[in-house]
Amino acid sequence: MTPPVLEPAQYTAAKIVGFLYPIQMATGILGHYVRGQMIVAGDATKTAQNILESERLFRLSIAADVVTCSTVIVLVWAFYILVRPIDRNLALLAVFFRLVENAVLCVAAVNSLVLLKLVGGTDYLQIIGTSQLHSFARLALSAQGLGMNVAFILLGLGSAVFAWLLLKSRYVPKALAAWGIFSSLLLAVGTLAIIVFPGLGVGGLAYMMPMGIYEVGLGLWLILKGVRAPRI
């Protein structure tokens with residue numbers, strides 16, 4: 001049953017969600033963009049050289065990933081407080097999806113630190129040839145991208161549940177919540193399809209754009225308008 005009034009904690013949680021959405025998007029995009037600039041397709045050695053020459057920048061991308069993960073934890077906590085009165089069990093399901101997603105991304109960040117060990121020529125790796133180390137490093141970088149694909153599926157599922165609860169709550173416009181359900185499921189299904197059929201990846205990140213629009217739109221709405229008490 002939809003609650004007739006909003007608790008003070010829900011108003012605060014809504015503002016937190018609104019402010020954190022653009023922050024976690026910005027740091028997430030930063031980390032992905034920086035790594036992308038260092039990759040040379042089909043050339044593991046050149047990729048390794050780019051990382052070594054811009055090691056501080058690469059470490060900044062890892063730090064951005066850690067900030068993203070930390071921000072998402074707070075965002076999910078606030079989102080749970082916001083929609084918990086609507087359906088506590090579904091809200092917990094969304095939280096579990098998002099936290100497991102975050103755990104996968106944290107492992108991916110650790111993988112990037114391992115990559116630095118590979119390209120840096122750590123003493124105990126000297127028995128392995130340089131070209132082999134570079135190949136291992138490129139594989140580690142690819143593994144991070146694969147981890148992000150898994151995380152995107154979990155992100156989409158968790159976000160879809162949260163959006164469904166927003167639709168039921170009527171705290172935000174129905175069109176915005178409905179768009180959230182659509183874009184979240186598109187992200188999850190689209191990423192899963194690319195895992196099964198890699199050739200679909202030639203379309204780039206276009207299928208992620210609706211999710212970006214939703215997160216920006218919801219963030220702005222919660223910051224500027226906040227949540228509204230549902231009409232009985």
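Atoms considered below: every heavy atom in the structure, side chains included; atoms not considered: hydrogens, waters and symmetry mates.
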Distance-minimising heavy-atom pair for Leu90 and Val161: O-CG1, 3.3 Å

Side chain to side chain contact (heavy atoms under 4.5 Å, CB included) between Leu57 and Leu60, intermediate numbers included: CA-CA 5 Å; Leu57 191 59; Leu60 176 62; 4.0 Å; yes

Same apolar cluster: Val216 and Ile213, side chain cutoff 4.5 Å: no

Donor-acceptor pair, side chain of Glu53 and main chain of Asn50, under 3.5 angstrom: no

Taking every non-hydrogen atom, the tightest pair across Gly147 and Val104: O-CG1, 3.2 Å

Cluster check Met25, Leu155: I/L/V/M/F/W/Y, side chain < 4.5 angstrom: no

Check: Ser183 side chain, Gly180 main-chain N or O, donor-acceptor pair, under 3.5 Å: yes

Closest non-hydrogen atom pair between Arg98 and Leu154, with its separation: CD-O, 4.5 Å

Side chains of Tyr214 and Ser159 in contact at under 4.5 Å (non-hydrogen atoms): yes

Shortest non-hydrogen contact from Ala13 toward Ala78: CB-O, 3.3 Å

Main-chain N/O of Gly217 paired to Trp179 side chain as donor or acceptor, under 3.5 Å: no

Aromatic plane relationship, Phe79 with Tyr21 - under 30° parallel, 30 to 60° tilted, over 60° perpendicular: perpendicular

ILVMFWY cluster, Leu93 and Val189 together (side-chain gap under 4.5 Å): no

Rounded distance [0.5 Å steps], OH in Tyr171 versus CG in Leu166: 9.0 Å

Test side chain to side chain contact (heavy atoms under 4.5 Å, CB included) applied to His32 and Met148, step by step: CA-CA 10 Å; His32 180 74; Met148 290 182 68; 4.1 Å; yes

Single-linkage hydrophobic cluster, 4.5 Å side-chain cutoff, Val17 and Ile81 together: yes

Polar side-chain atom of Asn102 near backbone of Cys69 as donor-acceptor pair, under 3.5 Å: yes

Chi angles and distances behind the side chain to side chain contact (heavy atoms under 4.5 Å, CB included) call for Tyr80, Arg88: CA-CA 8 Å; Tyr80 173 74; Arg88 183 174 179 273; 3.4 Å; yes

Tyr207 atom OH: more than 12 heavy-atom contacts under 6.0 Å: yes

Side-chain donor or acceptor of Thr27 paired with backbone N/O of Gln24 under 3.5 Å: yes

Side chain proximity check, Ile16 to Leu75, heavy atoms < 4.5 angstrom: no

Close side-chain approach of Leu222 and Val227, heavy atoms under 4.5 Å: yes

Value rounded to 0.5 Å, distance of CZ in Arg35 from OG in Ser112: 5.0 Å

Distance (rounded to the nearest 0.5 Å) between Thr191 OG1 and Leu186 CG: 8.5 Å

Members sharing Ile223's hydrophobic cluster (side chains within less than 4.5 Å): Phe19, Leu224

Minimum heavy-atom distance between Ala206 and Pro210, given as atom pair plus value: O-CD, 3.6 Å

Straight-line distance of Leu165 CG to Ile181 CD1, nearest 0.5 Å: 9.0 Å

Spacing of Ser54 atom OG and Arg59 atom CZ [to the nearest 0.5 Å]: 13.0 Å

Linked hydrophobic residues, Val107 as query - side chain contacts closer than 4.5 Å: none

Evaluation steps, side chain to side chain contact (heavy atoms under 4.5 Å, CB included), between Asp65 and Leu105: CA-CA 8 Å; Asp65 288 342; Leu105 291 177; over 6 Å; no

Under 3.5 Å donor-acceptor, Trp221 side chain and Gly226 backbone: yes

From Phe162 atom CZ to Leu157 atom CG, the distance as rounded to the nearest 0.5 Å: 12.5 Å

Linked, directly or transitively: Val83 and Leu92 (ILVMFWY side chains, under 4.5 Å): yes

